[in-house]
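Shown next, in structure tokens, is the structure this report addresses.
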Amino acid sequence: MASAPTGEYDFDLFTIGAGSGGVRASRVAAAHGAKVAVAEEHRVGGTCVIRGCVPKKMLVYGAHFAEDLKDARNFGWSTENATFDWITLRDNVLKDVERIEGAYTNTLESHEVTIFKERAEITGPHEITLASGKVVTAKTILIATGARPRMPECQGAEHAISSNEAFHLDELPKKIIIAGGGYIANEFAGIFNEFGSEVHIVNRGDRLLRSYDEAVRDRLLQISTMKGIQFRFNTTFEYIKPCSEGGYFVKMSDCDEEKADLVMFAVGRVPNTEGLGLENAGVELGEGGEIKVDRFSKTNVDHIYAVGDVTDRVQLTPVAIREGQAFADSVFGDGEPVAVDHSCIPSAVFSHPPIAAVGMTEGEAKNQLGSVKVYLSDFRPMKNVLAGRNERSLIKMICDGDSGRIVGIHMIAPEAPEMMQAAAIAVKAGLTKEDFDATTAIHPTMAEELVLMR
């Protein structure tokens, strides 16, 4: 158990950034007995809670009703008079974000963590200066400032929005051009498309979702195209110019100028390391501006640590939380130091339909293992059949050819992320195809395909 400050420092721990990782680290350190302070210049909760996965998932739920209302007709429901109001959804989502922010704040306050709602900068080895001019000292400093959307350089780029602003729009665009091929671009493409916008995805590369298995990537492209989303690959923006009657003229490298109501960039995220005074403390950064850390989240400076997206290891909220927990337990707990295992991390893309994955893709498995066995289930979900929706799901299992151990599962299907959470436990635990085969199916479900593949 950590003792209270001896008087040499104001705090045992000073955390810069109150996102998912910073809040968890601060709370757990305080529970271990440390005197803790956290500084946050925006809102407690960080990207995930305020302008990321939480409000995004709420919009995804809202968008799904568009499909559900159409599908309901073949199930006997009359939905002709159904209407959608964007402002109602937007305001209800923002209201719930405020509620969750309050819960995060209460969690810190209930653990007697001091919250400074202002920017903080490291101005000496153990010294932090707040925007108000107040100077405090801390034995240990944790950087948990996350990342921000990358905004590319092109003429008129300032007229485009990022995912941050997408939650605050006063009206839905009739036509939106989204730059990017990653999960944020595909998720918002699905959301805007279901709300009735004409959606164009523009990608400078030749593929979507590069880290995911080729089979599910191709299936998403096929289904998205069928839903009316238009894709353009191997193209870049030349300029964005405001139009006098509203909207923008957009010119890309492979086509003539066109008009759009909104342009959104979703082309990656940049670690928030500028203006933190890291150079004052001699903290080493990587080529992309990320903070370089060891397996225990320690920087090259012994008393300074970093967790979450600012380290650019795995930019996922649950990973930041695990890193924050491990840091606090290691530095302020009684046990041995804890390192987070960054292998075999499950992930999801909340597209329409969603993608979920854990472990190696088929290509990665062949490169690393040599001998692999691939099992595939390509089916039309029962609900889609009765709804008259010609949309097929795909579940792919990758196994070590010698041992039968499952090294990867990839799926695109309704509720794929919900199915994947349990399946990921089996993959992480090293279970085999035989173990899945020996498990009785729950019928009729989509998840039963996991134990019926032959």
Side-chain angles (χ1 to χ4, degrees), residues 50-73 77-97 149 159-203 208-209 220-232 243 246-248 250 258-266 348-355 383-384 387-391 412 414-417:
I50 305 300
R51 53 193 172 273
C53 30
V54 171
K56 180 271 308 287
K57 186 69 181 291
M58 294 177 188
L59 294 188
V60 169
Y61 282 136
H64 267 300
F65 281 110
E67 290 187 348
D68 289 342
L69 287 167
K70 292 177 187 174
D71 292 349
R73 295 167 192 168
W77 290 91
S78 175
T79 60
E80 282 72 17
N81 296 322
T83 59
F84 172 68
D85 181 63
W86 159 252
I87 300 300
T88 298
L89 175 61
R90 182 199 69 180
D91 290 353
N92 284 341
V93 168
L94 295 179
K95 182 179 178 181
D96 205 54
V97 164
H159 300 301
I161 67 166
S162 71
S163 55
N164 289 353
E165 293 77 40
F167 301 104
H168 300 274
L169 298 176
D170 290 328
E171 60 182 357
L172 291 171
K174 292 183 177 64
K175 177 182 176 180
I176 181 170
I177 298 175
I178 302 176
Y183 71 95
I184 296 174
N186 282 279
E187 288 171 342
F188 275 101
I191 290 167
F192 283 116
N193 181 66
E194 294 298 337
F195 289 153
S197 300
E198 178 186 336
V199 179
H200 296 245
I201 285 187
V202 175
N203 190 17
L208 304 174
L209 300 167
L220 179 62
L221 178 59
Q222 174 192 345
I223 293 174
S224 297
T225 301
M226 192 168 62
K227 290 178 185 292
I229 298 173
Q230 299 181 47
F231 293 85
R232 275 179 270 180
C243 178
Y248 304 94
V250 182
E258 60 185 288
K259 181 103 181 298
D261 298 289
L262 197 62
V263 179
M264 175 177 168
F265 285 128
V349 181
F350 292 98
S351 46
H352 286 73
I355 288 172
K383 182 183 174 184
N384 287 357
R389 181 174 294 280
N390 186 24
E391 189 175 299
I412 176 168
E415 306 302 337

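Along the sequence shown, the residues carry numbers beginning at 1. Every heavy atom of this structure was used, including side-chain atoms; hydrogens, water molecules and symmetry mates were not.
- Residues satisfying the side chain to side chain contact (heavy atoms under 4.5 Å, CB included) criterion with N384, sequence neighbours excluded, are R380, P381, R389, E391.
- Partners of E80 under the side chain to side chain contact (heavy atoms under 4.5 Å, CB included) rule, at least two apart in sequence or in another chain, are R73, S78.
- The ring-ring contact (aromatic ring centres under 6.0 Å, His included) test applied to H168 returns no partner, not counting sequence neighbours.
- Side chains of V60 and I191 form a contact here, defined as non-hydrogen atoms less than 4.5 Å apart.
- Applying the side-chain hydrogen bond (donor to acceptor under 3.5 Å, both in side chains) definition to pairs two or more places apart or across chains, those involving residues 182-193 are K56-E187.
- Annotation: side chain to side chain contact (heavy atoms under 4.5 Å, CB included) contacts of F84 (sequence neighbours excluded): W86, L89, L172, F195.
- No more than 12 heavy atoms of other residues, nucleotides or ligands lie within 6.0 Å of NZ in K70, so this atom counts as exposed by the packing criterion.
- The main-chain N or O of H64 is never found under 3.5 Å from a side-chain atom of E67 such that the two would form a donor-acceptor pair.
- A side-chain donor-acceptor contact under 3.5 Å links S162 and E165.
- Applying the side-chain hydrogen bond (donor to acceptor under 3.5 Å, both in side chains) criterion to R232, with sequence neighbours excluded, gives H200, E258.
- For the pair E415/P354, no side-chain contact is recorded, criterion being any heavy-atom separation below 4.5 Å from C-beta on.
- Scored by the side chain to side chain contact (heavy atoms under 4.5 Å, CB included) test, A260 finds K175, I177, V250 as partners (sequence neighbours excluded).
- Under the side-chain hydrogen bond (donor to acceptor under 3.5 Å, both in side chains) criterion, D170 pairs with R90, not counting sequence neighbours.
- For D91, there are no salt bridge (Lys or Arg N to Asp or Glu O under 4.0 Å) partners at least two apart in sequence or on another chain.
- By the ring-ring contact (aromatic ring centres under 6.0 Å, His included) test, F188 is found to be paired with F167, residues two or more places apart in sequence or in another chain being considered.
- Partners of D85 by side-chain hydrogen bond (donor to acceptor under 3.5 Å, both in side chains), not counting sequence neighbours, listed by chain and number: T88.
- Residues satisfying the side-chain hydrogen bond (donor to acceptor under 3.5 Å, both in side chains) test with N164, not counting sequence neighbours, are none.
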